Amino acid sequence: MAEMTYLQAISDGLRMEMRRDERVFVIGEDVGVYGGAFKVTLGFQEEFGPWRVIDSPLAETAIVGACTGAAIMGMRPVAEMQFADFVSCAWDHLVTVAAKQRFRAGTPVPIVVRLPSGGGFSGGPFHSQNPESSFAHIPGLKCVCPATPEDAKGLLITAIQDPNPVLFFEHKHLYRRIKSEVPEERYTIPFGKARTHLEGDDVSVITWGAMVYTAGEAAKKLDEDGVSVEIIDLRTVMPWDREAVLASARKTSKVLVLHEDTRTGGFGAEIAATIAEEAFEDLDGPVKRIAAPDCPVPFSPVLEKAFIPQVDDVVAGLRELAAY
Amino acid sequence: MATNTQTEVVMPQMGVSVAEGTITKWLKAEGDPIAQDEALLEISTDKVDTEVPSPGAGVVAQIVVQEGETVDVGTVLAVIAPAGSEAGSEVGGADVGTVTQDEMPPPPATQAAADEAMAAASEGVGDVSQAAEPAQQAPAAPAETPPAPAAAPAGGGDNGRTFLSPVVARIASEHGVDVSQVQGTGTGGRVTKKDILAFVESGASTRATPPPAEEATPQQVSATPPAAPSEVATPVAPQPPPPAVTQAPAQAASTPQAAPRPQPQAVAGEPAQGEAVEPMTAMRRGIAEHMRRSLDTSAHVTSAIEVDMSKVVAIRGKLKQEYGTAYGVNPTYLSFVARATVETLRDFPWINGEIRGDKIVTRNYVNLGFAVELADGKGLIVPVVKNTEGLNLLGMARAVTEIAARARDKKLTPDDVQGGTFTITNPGGYGTFHGTPVISQPQAGILGTYAVVKRPWVVQDELGQDVIAVRAIMNLTLTYDHRLVDGALAGRFLRDLRKRLESWGESDY
């Protein structure tokens, strides 16, 4: 085991797969000479050369298009969007081509698109979004949202090995803030298996990404109230671990769904609806959602704090549910 | 009718088993002038939805029952006053919405007794007509009302915390917990999952034994043969509730002579996983009650016969064009069968008859009922074509088409569903070849007609040799009340009916 930041764990996993499998290559804006905007691929070009660590033009459509073509020809491309927000330029290639190719022609499209996402640093409306629900809605795409360094490495390796297009949402706020023990060897973590971040009996929080830590802080305060909170970290929102969510819902009978993405049509809505459908008779309170309001992410630190769910927001929601 | 005096408009009797009706719309307001037989209001019952015409001319002096309310047959709905009188000015006295003194139940001995009687009535269980006579029976009335099963949710609790979350309701149901006994610690005193689990673990819940089914369903349910056809034709003598009685007991009460209403057999429990629950419509309740009562009343036996319909098929082929062009009428197989049935019933009066008390009633007419499935597939109604003995094939075809259309469009009048003497049901449209339908009480028989299908059939050629031919064959069943009709009689009826159909001549209309 070695202590790594969330960012180092991603680099480690990516490097490991590139060393192991010559088909794996990296392409993106400034990923080569510069080592990527967040330095995930720092030193990669020196080790793997410019043909496996490709600096692309400033054109997301071209990046994903190139990946799709290379994947169809047998390669294992890993694309980096400089910010997750920019992936909308590549929407057509991801949604119309990559997601449907296997259904249409039987050809697997094993691409990974790394998406530095999330806010909390005054990045404003174009550098702070969490667009996972948009892609989770598209059949044929997988969406991964790791919260811990260990998960980030293991899930990235799984993503590279997966024969389907995978969107890998890396939370920027976690890159250097979160540090923990990570196995040094190669390992995979299966998609669709949630992780119990905290065991509890009274209220469940279903969340993923950076909100796992917000929920953890809130749970500490609830613990002082004598309320035991369970936190389920989905790890992947598509596929997502319905069984784990429903088991937790049945156990505590009170569920809070928490995400940093905006509220309406966010993936929390799907989770809440599934709980209502399949665990209705086990509910002892309304399924509650805490999410960002339906507006673009503001620049102003004050406003951004009001926008992104904070520990106090979650504490208030949990107290309300606990008292219900 | 000269309207020198006020005329009361009462809830009409819409069918044998109908005890109440709902006002869906008033077409006139108080003070509006109205002519005799002009549509005054629309009502809905478990049999038909229809307009009620004004029984007199003048002005609508008073509307007693408002839209959306459900009242017993015979209840005064409105008062028509002679033209020139002011709305509401000359009415509102003893005649309106009240009954004369000797019709009224004796006043309750005490207010408490009255309250108890009303509470019993509004429970929806127990014999309401008894509960409405508190003077003699007030002390007994509450005792006759079975206690609500303990498993029922804490509805009616007075603590303002009656909301049960799904999980609490389920646990309460599974463990037979009366939730009102549980101390709630949730918002507003709501009983939470933890509260009820702690209650269950403490052993405090002891399931109250539900009352035996016999107590919950008074003897009213046990079937007795309908007393008289007058019940069909004449509205039950109205016994509207006294003015002091509120609407709730009035809805729950059934008039003594009305057909028995189905009683809830048991409080529906929580649906198990995968089950869905929907309320039963008034029509479905009516059908359920009638089917059960019919089986409890008549000794049902079914005989079947196969009929070679080749001649009917051939004649129908010719007539179809002619009737369609000349009259816009389709001569269906059903109308052929109906026509032949009416002719045959002439020779079998008991099959067109009825057991009434210890007497047998026969008729010189055939009022033929036709079972019609409603368009939404959720109900069945049996409109009656009167005096079918006077209809030729064209008339029969026209009458059947017309009444079935009105049934599906909910345009039937009360008269249309009353007075049947024999019924035909036609499930053959779906390809079924046999069935055992249930008799429409108080009739003695019901004929089932099934699909006409081509089958290999042994016939004799011109030399008298047996040969196999392809023939259009239809099965017919007669389900009869063996109390009145014996098997041999039923067999002869079917034989004669078959003979009529198989030997149908072009001039036999």
Side-chain angles (χ1 to χ4, degrees), chain A residues 198-206 219 222-232 242-257 269 271-290 313-324, chain B residues 149-155 157 159-205 207 266-279:
Chain A
L198 181 67
E199 271 201 58
D201 297 315
D202 297 333
V203 190
S204 299
V205 179
I206 314 298
L222 267 288
D223 191 49
E224 293 164 16
D225 295 357
V227 176
S228 158
V229 177
E230 177 152 295
I231 300 173
I232 301 295
R242 299 158 65 98
E243 286 69 31
V245 169
L246 291 170
S248 185
R250 293 193 170 108
K251 176 180 170 187
T252 64
S253 296
K254 291 178 177 178
V255 183
L256 170 69
V257 185
I271 294 168
T274 301
I275 293 169
E277 275 181 342
E278 303 199 10
F280 179 76
E281 291 191 6
D282 289 285
L283 291 178
D284 199 27
V287 179
K288 195 171 173 58
R289 280 182 293 164
I290 292 183
D313 302 326
V314 180
V315 167
L318 286 172
R319 283 189 174 142
E320 196 182 304
L321 264 186
Y324 183 83
Chain B
N159 49 17
R161 54 188 182 96
T162 53
F163 170 71
L164 298 186
S165 72
V167 73
V168 170
R170 183 171 59 75
I171 293 168
S173 168
E174 285 172 1
H175 294 273
V177 174
D178 178 357
V179 182
S180 65
Q181 303 300 312
V182 182
Q183 187 66 38
T185 63
T187 306
R190 186 184 73 88
V191 173
T192 67
K193 179 187 176 188
K194 279 186 179 176
D195 296 334
I196 194 165
L197 284 176
F199 186 82
V200 169
E201 280 168 24
S202 75
S205 66
R207 193 188 195 104
V267 175
E270 296 294 321
Q273 189 157 15
E275 290 180 339
V277 174
E278 61 182 302

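Worth saying up front: this structure is predicted, and the values here are computed from it rather than measured. Computed over heavy atoms, backbone and side chain alike; hydrogens, waters and symmetry mates excluded.
- Between B:Lys193 and A:Lys251, the shortest heavy-atom distance links the atoms NZ-O, 2.9 Å.
- At most 12 non-hydrogen atoms from other residues, nucleotides or ligands lie less than 6.0 angstrom from CD of B:Gln273.
- Closest approach of B:Val167 and A:Ser253 over heavy atoms only: CG2-OG, 4.0 Å.
- Between A:Asp284 and B:Val168 the shortest heavy-atom distance is OD1-CG2, 3.2 Å.
- Listed for the B:Arg190 side chain is a donor-acceptor partner under 3.5 Å among the backbone atoms of A:Tyr324.
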